[in-house]
Amino acid sequence: MKKILVTGGAGYIGSHTVVELAQAGYEPVIIDDFVNSKESVLGGLREILGHDVPCHHVDCTNADALREVFRQEGDVAGVIHFAAFKAVGESVQKPLMYFQNNVGSLLTLIQVMTEAGVGNLVFSSSCTVYGAPDSLPVTEATPTKPATSPYGRTKQMCEDIVHDVSAAPGNQLHTILLRYFNPIGAHSSAKIGELPLGVPNNLVPFITQTAAGIREKLTINGDTYDTPDGTNIRDYIHVVDLAKAHITAVQRLLDRKATDVVETFNIGTGHGNSVLEVVKTFEEASGQKLNYVMGPPRPGDVPAIYADATKAADILGFKTETSLFDSLASAWKWQESLGK
Ligand code: UFG
């Protein structure tokens with residue numbers, strides 16, 4: 001069994017990827033500092049997989065602690081690096097914290113991987129690197145625009161760092177950069193899902209918490225955008241579909257099939273949905289009536305973005321399987337399980 005270290009493996013996308021890795025015959029090992037995740041996730045993983053997933057309680061900016069993980073784990077085939085802060089608004093308030101954590105952890109990880117002779121990396125990037133694109137859908141060749149937040153800038157900087165490191169003489173690092181669109185939903189077992197700490201920033205957990213009565217109402221951030229119904233358009237991808245893209249990427253690296261030392265893929269459905277469409281589809285999928293009001297635009301939001309998913313389909317053979325309806329149904333099932 002090939003051992004794959006998963007930084008941020010107790011987080012939302014990380015935990016779903018750990019499940020898919022284990023079920024595909026890999027040996028996932030979690031590295032997480034639990035600053036933005038809960039230990040209870042490990043129990044959910046145990047229930048799904050029927051065994052414990054090894055976990056190191058380590059902050060990836062701590063080089064010595066990370067070195068010790070690699071030493072203890074021995075033969076590591078590759079790393080999937082999720083660990084990062086991800087709240088756009090918070091990054092505007094605390095930019096230094098975002099640069100230190102998101103950029104610092106990547107630098108430390110690459111340094112420690114190099115020392116340990118581990119050369120395969122899958123990195124969590126984001127469609128945020130495109131900024132406000134001039135044309136849609138965005139392909140991997142769409143020029144990146146200035147980021148609309150420090151968070152977005154950390155993702156751009158991390159991509160640049162990977163490219164520069166990989167271009168240096170004697171480089172041993174092979175990386176696949178996955179640019180995620182908007183992950184939603186939860187595992188079909190409802191044993192793991194998104195666990196926002198405090199008031200959710202993202203649309204779907206806000207919707208499910210409103211339907212559950214935890215929030216009074218959803219405020220839709222603007223309905224006068226230049227889109228068919230005036231609300232923002234995003235590409236919502238089910239988190240298990242997104243998790244599966246990582247398995248394909250890891251396999252491609254291990255099989256030495258990558259044609260470049262750094263490859264980049266959009267991971268989305270290729271379809272855009274408006275906020276109102278998400279709300280309406282949620283109401284159908286959950287049977288719940290949602291209390292919502294229109295509000296002002298949220299600073300930094302781009303009006304519309306969705307993926308051209310052709311490259312991932314052609315090269316990785318990756319296609320999403322879950323509809324928006326089923327994704328939202330899974331999010332609701334997860335929310336209901338939290339209430340129990
Ligand atoms: N929205 C609302 N009300 C809410 C929350 C969100 O109307 O209470 C709207 C947003 O304005 C946006 C859409 O729902 O139009 C989706 O918002 P999210 O916050 O769920 O997602 P974003 O598209 O803003 O952000 C996501 C990821 C980021 C990433 C970004 C890149 O969460 O990590 O995509 O575009 F940087």
Side-chain angles (χ1 to χ4, degrees), residues 8 11-14 36 82-92 98 101-102 123-133 136-138 142 144-159 177-185 194 196 198-211 214-239 242 266-269 272-282 290-307 324 327-328 331:
Y12 175 42
I13 310 171
N36 203 15
F82 291 105
F85 293 144
K86 58 170 187 176
V88 175
E90 184 186 51
S91 78
V92 178
Y98 271 67
N101 189 55
N102 293 9
F123 176 72
S124 299
S125 190
S126 164
C127 66
T128 193
V129 300
Y130 295 113
L136 290 170
V138 286
T142 298
T144 59
K145 294 282 211 67
T148 54
S149 70
Y151 160 76
R153 205 153 0 262
T154 68
K155 291 296 175 189
Q156 292 180 336
M157 289 168 78
C158 286
E159 287 201 359
L177 305 171
L178 299 181
R179 292 177 175 166
Y180 314 148
F181 285 70
N182 289 50
I184 59 165
E194 196 165 5
V199 182
N201 295 300
N202 297 114
L203 178 62
V204 171
F206 207 105
I207 287 176
T208 58
Q209 290 196 5
T210 305
I214 301 167
R215 311 279 155 212
E216 188 206 336
K217 59 176 186 289
L218 169 77
T219 302
I220 293 183
N221 299 325
D223 62 347
T224 55
Y225 284 98
D226 186 14
T227 59
D229 66 19
T231 66
N232 285 331
I233 290 175
R234 296 287 182 274
D235 184 335
Y236 296 94
I237 175 172
H238 191 254
V239 66
L242 175 56
N266 283 343
I267 305 295
T269 66
N273 285 105
S274 73
V275 177
L276 263 179
E277 283 171 339
V278 174
V279 167
K280 297 290 174 206
T281 310
F282 174 79
L290 200 70
N291 186 20
Y292 67 89
V293 293
M294 294 300 173
R298 187 171 68 176
D301 267 347
V302 300
I305 187 162
Y306 54 95
L324 181 65
S327 299
L328 292 167

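Note that the numbering runs from 1 along the sequence shown for the chain. Owing to the predicted nature of the structure, the values given are computational and were not obtained by experimental measurement. For ligands, and for the atoms within them, numbers begin at 1 and follow the listed sequence.
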Of the options Thr208, Ile184, Ile207, which is the one that meets Leu328 in a side chain to side chain contact (heavy atoms under 4.5 Å, CB included)?
Ile184
Tell me which protein heavy atom sits closest to atom 24 (O) of ligand 1, plus the residue, atom name and distance to 0.1 Å.
Arg298 NH2, 2.7 Å
With a cut-off of 4.0 Å, which atoms of ligand 1 are near a heavy atom of Ile220?
7 (O)
Starting from atom 13 (C) of ligand 1, locate the nearest protein heavy atom and write down its residue, its atom name and how far away it is, to 0.1 Å.
Tyr236 OH, 3.5 Å
Short side-chain donor-acceptor distance under 3.5 Å, Asn266 and Tyr130:
yes
So Phe85 and Tyr98, would you call those rings parallel, tilted or perpendicular, with 30° and 60° as cut-offs?
tilted
Residue part near ligand 1, for Tyr151, under 4.0 Å between non-hydrogen atoms
side chain
Can you tell me if Tyr292 and Thr219 form a side-chain donor-acceptor pair at under 3.5 Å?
no
Scan Asn101, Asn102, Thr128 and name whichever one has a side-chain hydrogen bond (donor to acceptor under 3.5 Å, both in side chains) with Thr154.
Asn102
I'd like to check the side-chain hydrogen bond (donor to acceptor under 3.5 Å, both in side chains) partners of Asp229; sequence neighbours left out, ordered by chain and number.
Thr231, Ser274
Under a 4.0 angstrom heavy-atom cut-off, which atoms of ligand 1 come close to Ser126?
29 (C), 31 (C), 36 (F)
Does ligand 1 come near enough to Leu203 that some N or O of the ligand is less than 3.5 Å from an N or O of the residue?
yes
Between Tyr292 and ligand 1, which residue portion shows a heavy-atom distance shorter than 4.0 Å: side chain, backbone, both, or neither?
neither
Under 4.0 Å from one or more heavy atoms of Asn201, ligand 1 contributes atoms 5 (C), 19 (O)
Heavy-atom distances under 4.0 Å are what count here, so tell me which part of Asp301 touches ligand 1: side chain, backbone, both or neither.
side chain
Closest non-hydrogen atoms of Tyr151 and Lys86, given as atom of the first, atom of the second and distance, are CE1-CA, 3.5 Å
Atom 25 (O) of ligand 1: which protein heavy atom is closest, and how many Å away?
Asn182 ND2, 4.1 Å
The protein heavy atom nearest to atom 23 (O) of ligand 1 is Arg234 NE, 2.7 Å
Closest approach of any protein heavy atom to atom 27 (C) of ligand 1, naming residue and atom:
Asn202 ND2, 4.3 Å
With heavy atoms of Val275 as the reference, note each atom of ligand 1 found under 4.0 Å away.
7 (O), 9 (C), 13 (C), 14 (O), 15 (O)
What atoms of ligand 1 come within less than 4.0 Å of a heavy atom belonging to Cys127?
31 (C), 35 (O)
Min side-chain heavy-atom separation Pro150-Val92 under 4.5 Å:
yes
With respect to Ile220, which candidate in Asn232, Leu203, Val279, Val293 satisfies the side chain to side chain contact (heavy atoms under 4.5 Å, CB included) definition?
Val279
Would you say Thr219 contacts ligand 1, with heavy atoms under 4.0 Å as the rule?
yes
For atom 15 (O) of ligand 1, tell me which residue out of Asn232, Leu218, Ile233 has the closest non-hydrogen atom.
Asn232
Within the structure provided, determine whether Val278 and Tyr236 are in side-chain contact (heavy-atom separation under 4.5 Å).
yes
What is the minimum heavy-atom distance between Ile305 and Pro133, and which atoms define it?
CD1-CG, 4.1 Å
Which residue and non-hydrogen atom of the protein lie closest to atom 6 (C) of ligand 1, and at what distance in Å?
Asn221 ND2, 3.6 Å
